[in-house]
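Data block below; observations after.
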Amino acid sequence: MLKKSQLARTAKKTNRTITFWLLVGSLSVFFPLYMTIMIAFKDPSQMSNSIAGILAFPKSWSFDNFQQAMAITDFWHTLSNSILITGATMIVAVIFHSLIGYAIGRSMQKRGYRLLYLYIISGMFVPFAIIMMPIVKQTAMLGIDNRFGVVLLYSIFYLPMNLMLYTGYLKNIPLSLEEAAAIDGASTFKTFWSVIFPLMKPMHATVAVLTALGTWNDVMLPLVLLSGTGQNTLPIAQLNFQSQFGTNYNLAFASYLLALIPMLIIYIIGQKQIIKGVVNGAIK
Amino acid sequence: MKDKLNSNRSRTFLAITIPIVILFFVFNTMAVIQGFGYSLTNFKGFGGYDFVGLRNYIDLFSDERIINSYIFTFGFAIICTILVNIISLVLALGLSSKIRAQGALRAIYFLPNILGGLVIGYVFNFFFTYILPGIGEAINSGALSNSLLASPKTAWFALVITVAWQAVALNTLIYISGLQTVPEDVYEAGAIDGAVGFKKFKNITFPLIMPFFTINMVLCMKNFLMVFDQVVSLTGGGPARSTESISFLIYSGGLSGGAFGYQSANAVIFFVVIVTISIFQLRFLNSKEEQL
Amino acid sequence: MKKYLSASICLTLAMSVLSGCSSSQDIAGKTTIELVTYKMEAVDLFNEFAREFNEENPDLNLVIEAPKDATTVIKTRLIKDDAPDMIGIGGDSTFSILVDTGVLGDISDYSGLDDIKESFLEIDKKLEPVPKTGVYALPYVANASGILFNKRIFAQYGWEIPDTWDGLINLCETIQAAGLAPFTFGHKDSWTTLAPWNALAVSMTSPDLFTRVSLGQDKFSNHYGDIALKQKQLLEYSGNDPFAYGYNDACTAFAKGLAAMYPIGSYAIPQILSVNPDLEIGSFVLPANNDPKTNILNSGIDLQFSVMEDSKVKEECYRVLEFFQRNENIQRYINEQISVPCKQGEFELNESLTHMKDYIDANLLSDYPDHHYPSEMGADALIQTYLVTGDLKKFLDTFDKDWIRFNQDNIRKLLEYEENH
């Protein structure tokens, strides 16, 4: 009995050693970001060849690199492309994927729908590399090798994962709720919008976070679909203008920092929701 | 009355399902079929082409570059998976214990996950080219003063570090939520039986978080086998083709290189491999889970 | 229902915004000519050209694009059946593929071809995997690849330009003894390994080697071993780890005077000068052999224009070509990009090219061998692999094997052609 109370006491006490080592470890997270910031704010003449010189605080914080990088990568246009594509995909995912998740999830007693479900889920195993080249041809033929096409394709590629998430979640929502609404004379659509859709809220957050993270940072699809159209997303702009940075690493890092900042800001504001969303998605 | 309601409901469901399934079929399944079609030709992507039967497939198996890229990709994925899972588990155990600023620390460790792999690759590129050799020189370490990216013997390791830096974040989080499912009194009971330290972890904690281990293994393997962004920005497949991942090879050979048909065949093989591994992995890990 | 409606309206709106901004830039009453060029570094000059051309030709609207990785862009656009009217690329393996697939138009009825130096038209002819009738590109400017050197350092120590291989090695020893780095390399970017490779290969192999190998009469392994060994020997005189830094870093190192010489093409000069505008750069032919008479210049077509087969404005494209080909415009281009014109006539060459000019005037030049290697073969990576591992036998075997693998369709066509002619 004595043992147990001792145990409880040690458990309550915060463990300083572990806290210390975790703090030390977190430097490995900060270091690349610290390096990025230090280089981005210096001008090339301050980049002495020693690493101490590279990593030291800049003598004067210069915003010239940022101005130049913004001009080279057409930052505001690129940023708005990224926001448009990610935002639109997110909206499509939440509205349409939840709708189809509902339709399929509530029809699972039928064999056809079960097969259909497996068919779509199996799409998760299709590596983008295999459909990359046909997709280039198809989208061009249909005239959607543009931002609309990118959104459409994302909506299709994220369907398997989101369908799984929504149908999984749907199992927790009792059928009786819908039946009550239906008896009141509401159409299936109306039942969905007024009863089911609001109840799926926690899953909407997960789907939105996962879809947004995936599309925001994606390189391959915009790379093959938007190349040469003058429409860049933030990552693609870094790739496309890499050679224009030359050896001016300060300029390059200013541009990298600009590309990272939007996500950093969003993360600082909504880290709880993001973490929760990602964990929910992975575990389901 | 109920029948009528039901049939109305089925019709609506059908009306929702059909268009989306058609879209899915066109841009996913049809694309796969089309890719298979191209793999039987010597198509360059434009202009004329001939049907060449299985020639591309036969060539694939004798093409050292292709074989090497498979060896590299698998080696990379396995090492990365092991490394990431070990680090994540340790971090998760630490972050789940009674520590100060637990929330903030968790948020910090998750940060790399939200950043884009391509840009992170560029940042690490600079780190491996200038900072690390600089540190190596400062401490007079011969091995460190050469850039890891300059040698085919070490470049893969730089890629592992870069990818792992980001991947650890998500895996840690998944393990943390796994650890949360372990009720406190299980430990207390275990502690009375003398299970502490590593023994406690091995006999009590790990079996209980086995499902989360499964999730992490599957997630890791799948993501690492498809590694692309970091290859582009960190090594470009070099030096000496030592870091060409399969996805990178399909892109660079098929779209930039003009071997559209040939790389389509490569993509078909890759697809088959991914499906096989996914099924195998799920089966194997599921059966293991049931045993426990 | 209302919620649903408003959501879908929002969606439609978002979609229309997303798909808007189409790339067609038609202006009423004007014919648009679209040119995609891979000379991204000359984009400002091209924009000036376009502006002047459009002022002169009120009925036309010339649009010039110079995207990054333009050859991939051009190929992707061809895959999409959305080719521009004209393209400006190098005389390289991309040109080879495009000619072969028949997407380039025959411009033999264009009168300006008569002014082009014969040797450059021949270079293009040799790039056709299977000989065709017709002309498919207008060579515009050429570049040369050899060794760039720091004039000031050379003058300070009184070093002379070597004209034999042994002379070059001796010079390297001398430079090293003086405590300087003879060379800088940017071999982290695998394509830079092709610069010394090409410069050595032109003097050590004959240009018909490719055809002979394709016809099964010869093998690369009979000739490429010596080239590989010499290239590896050059690495011993590198001032840094040759594989740790990329092209940009090497240009910067050379510009800052960290190395006396840099084996790279003249195309690197503008980039080097952008780092250090005061640097005095000289260049000389890489002396691959010990008999100076057998050493020739590695020179190829850096930029040439083709009209696409499917273009509906061929006549208008010719007017663009005429404009580009005016002597004053060529002079402007070669001043800025430091290259050699393919047109006959007197032009002022940049000082750093003077030593090479003699070879050009005497027609002692040969095209870049890598322009004949199919790009999916990745010859640059093969060479880089050899330089890193030093496995010569494997390199030579792979080279012969990959050549046949990636050329099998061309070889078949070539054999058919040989039978019929």
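We name chains A, B, ... by the order of the sequence lines, and we start the count at 1 in each one.
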For this session: Starting at CG of A/Leu23, measure out to CZ of B/Arg100 and round the result to the nearest 0.5 Å.
Result: 10.5 Å
Exercise. Which heavy atom of A/Gln271 sits nearest a heavy atom of B/Ala107, and at what distance?
Worked result: OE1-CB, 3.2 Å
Exercise. CD1/B/Ile18 to CG/A/Leu116 distance, rounded to the nearest 0.5 angstrom?
Worked result: 9.5 Å
Exercise. Are A/Gln138 and B/Phe27 close enough that some pair of their side-chain heavy atoms sits under 4.5 Å apart?
Worked result: yes
Exercise. Highest number of heavy-atom pairs under 4.5 Å with chain B: which of A/Arg16, A/Glu178, A/Met35?
Worked result: A/Met35
Problem set entry | Residue part contacting chain B, namely of A/Leu234, when any heavy atom lies under 4.5 Å | neither
Seminar exercise, completed: Cut-off 4.5 Å, heavy atoms of chain A, and the answer for B/Ser233 is neither
Exercise. Highest number of heavy-atom pairs under 4.5 Å with chain B: which of A/Val126, A/Thr139, A/Val136?
Worked result: A/Val126
Exercise. Does some side-chain heavy atom of B/Leu14 sit less than 4.5 Å from a side-chain heavy atom of A/Tyr113?
Worked result: yes
Problem set entry | Largest heavy-atom contact set with chain A, pairs under 4.5 Å, which of B/Thr17, B/Val32, B/Leu93 | B/Thr17
Exercise. Hey, does B/Tyr38 have a side-chain heavy atom less than 4.5 Å from the side chain of A/Pro134?
Worked result: yes
Exercise. In terms of heavy-atom pairs under 4.5 Å, which option from A/Thr17, A/Val224, A/Ile18 contacts chain B the most?
Worked result: A/Ile18
Problem set entry | Exam field: side chain B/Tyr109 to backbone A/Ser26, donor-acceptor pair closer than 3.5 Å | yes
Exercise. Taking atom CG of A/Leu22 and atom CD1 of B/Ile108, what is their separation to the nearest 0.5 Å?
Worked result: 10.0 Å
Problem set entry | Within-4.5 Å side-chain heavy-atom neighbours: A/Ile120 and B/Phe25 | no
For this session: Give, as side chain, backbone, both or neither, the part of A/Lys272 having an atom under 4.5 angstrom from any heavy atom of chain B.
Result: neither
Exercise. Can B/Val232 and A/Val219 be said to form a side chain to side chain contact (heavy atoms under 4.5 Å, CB included), step by step?
Worked result: CA-CA 10 Å; B/Val232 169; A/Val219 175; over 6 Å; no
For this session: Determine the option with the most heavy-atom pairs under 4.5 angstrom with chain B, choosing from A/Phe192, A/Trp216, A/Phe30.
Result: A/Phe30
Exercise. Do A/Ile104 and B/Phe13 have side chains that get closer than 4.5 Å, going by heavy atoms?
Worked result: no
For this session: Counting only heavy atoms closer than 4.5 Å, note whether B/Phe271 contacts chain A via side chain, backbone, both or neither.
Result: both
Problem set entry | Contact class of B/Val168 relative to chain A, heavy atoms under 4.5 angstrom | neither
Exercise. Got A/Phe253 and B/Val123 here, is their nearest side-chain heavy-atom distance under 4.5 Å?
Worked result: yes
Exercise. Any idea which heavy atoms bring A/Ser28 and B/Trp165 closest together, and the distance?
Worked result: O-NE1, 2.8 Å
Seminar exercise, completed: Interatomic distance, CD1@B/Ile20 vs CD1@A/Ile156, rounded to 0.5 Å, equals 9.5 Å
Problem set entry | B/Asn28 portion near chain A, given a 4.5 angstrom heavy-atom threshold | both
Problem set entry | A/Asn217 side-chain N/O to B/Ile114 backbone N/O, donor-acceptor pair under 3.5 Å | yes
Exercise. For A/Leu163, is it the side chain, the backbone, both, or neither that has a heavy atom closer than 4.5 Å to a heavy atom of chain B?
Worked result: neither
For this session: Please flag which part of B/Gln102 lies under 4.5 Å from any non-hydrogen atom of chain A: side chain, backbone, both or neither.
Result: neither
Exercise. Side chain, backbone, both or neither: which part of A/Leu213 has a heavy atom under 4.5 Å from chain B?
Worked result: side chain
For this session: Starting at CZ of A/Phe96, measure out to CD1 of B/Ile16 and round the result to the nearest 0.5 Å.
Result: 10.0 Å
Exercise. Taking all atoms of both residues into account, what is the closest heavy-atom pair of B/Leu118 and A/Pro235, and its distance?
Worked result: CD2-O, 3.1 Å
Exercise. Where does B/Ile135 contact chain A at under 4.5 Å (heavy atoms): side chain, backbone, both or neither?
Worked result: both
Problem set entry | 4.5 Å side-chain heavy-atom contact, A/Ile274 and B/Phe110 | yes
Problem set entry | chain B contact via A/Ile144 - side chain, backbone, both or neither, heavy atoms under 4.5 Å | side chain
For this session: Pick one of side chain, backbone, both or neither for B/Phe43, based on which atoms fall under 4.5 Å of a heavy atom in chain A.
Result: side chain
Exercise. Side chain, backbone, both or neither: which part of A/Ile100 has a heavy atom under 4.5 Å from chain B?
Worked result: both
Exercise. Pick from A/Phe31, A/Phe157, A/Phe128: which one has the most heavy-atom pairs with chain B under 4.5 Å?
Worked result: A/Phe31
Problem set entry | Region of B/Thr12 in contact with chain A, defined by heavy-atom distances below 4.5 Å | side chain
Exercise. Checking heavy atoms, do the side chain of B/Leu105, its backbone, both or neither come under 4.5 Å from chain A?
Worked result: side chain
Problem set entry | Flag, side chain of A/Tyr267 to backbone of B/Leu115, donor-acceptor distance under 3.5 Å | no
Seminar exercise, completed: Note: vs chain B, highest number of non-hydrogen pairs under 4.5 angstrom among A/Met220, A/Met132, A/Met263 is A/Met220
Exercise. Taking the six-membered ring for Trp, is the centroid-to-centroid distance between B/Tyr130 and A/Tyr249 below 6.0 Å?
Worked result: yes
Problem set entry | Option that, when pairs with chain A are counted at under 4.5 Å, heavy atom only, ranks first among B/Ile274, B/Leu23, B/Leu173 | B/Leu173
Exercise. For A/Tyr119, is it the side chain, the backbone, both or neither that has a heavy atom under 4.5 Å from a heavy atom of chain B?
Worked result: both
Problem set entry | A/Ile266 portion near chain B, given a 4.5 angstrom heavy-atom threshold | neither
Seminar exercise, completed: Whatever's closer than 4.5 Å to a heavy atom in chain A on B/Phe124 counts as side chain
Problem set entry | chain B contact via A/Ile39 - side chain, backbone, both or neither, heavy atoms under 4.5 Å | side chain
Exercise. Run the side chain to side chain contact (heavy atoms under 4.5 Å, CB included) check on B/Phe228 and A/Leu223 step by step: do they pass?
Worked result: CA-CA 12 Å; B/Phe228 177 80; A/Leu223 177 65; 4.2 Å; yes
Problem set entry | Proximity breakdown for B/Leu95 and chain A, heavy-atom pairs closer than 4.5 Å | both
Seminar exercise, completed: Correct closest heavy-atom pair for B/Phe24 and A/Gly123 would be CZ-CA, 4.0 Å
Exercise. So, the side chain of B/Gln34 versus the backbone of A/Ile131: is there a donor-acceptor pair under 3.5 Å, distance only?
Worked result: no
For this session: Measure A/Ile275 against the heavy atoms of chain B and call it side chain, backbone, both or neither at under 4.5 Å.
Result: both
Problem set entry | Minimum side-chain heavy-atom gap B/Val268-A/Ile130 below 4.5 Å | yes
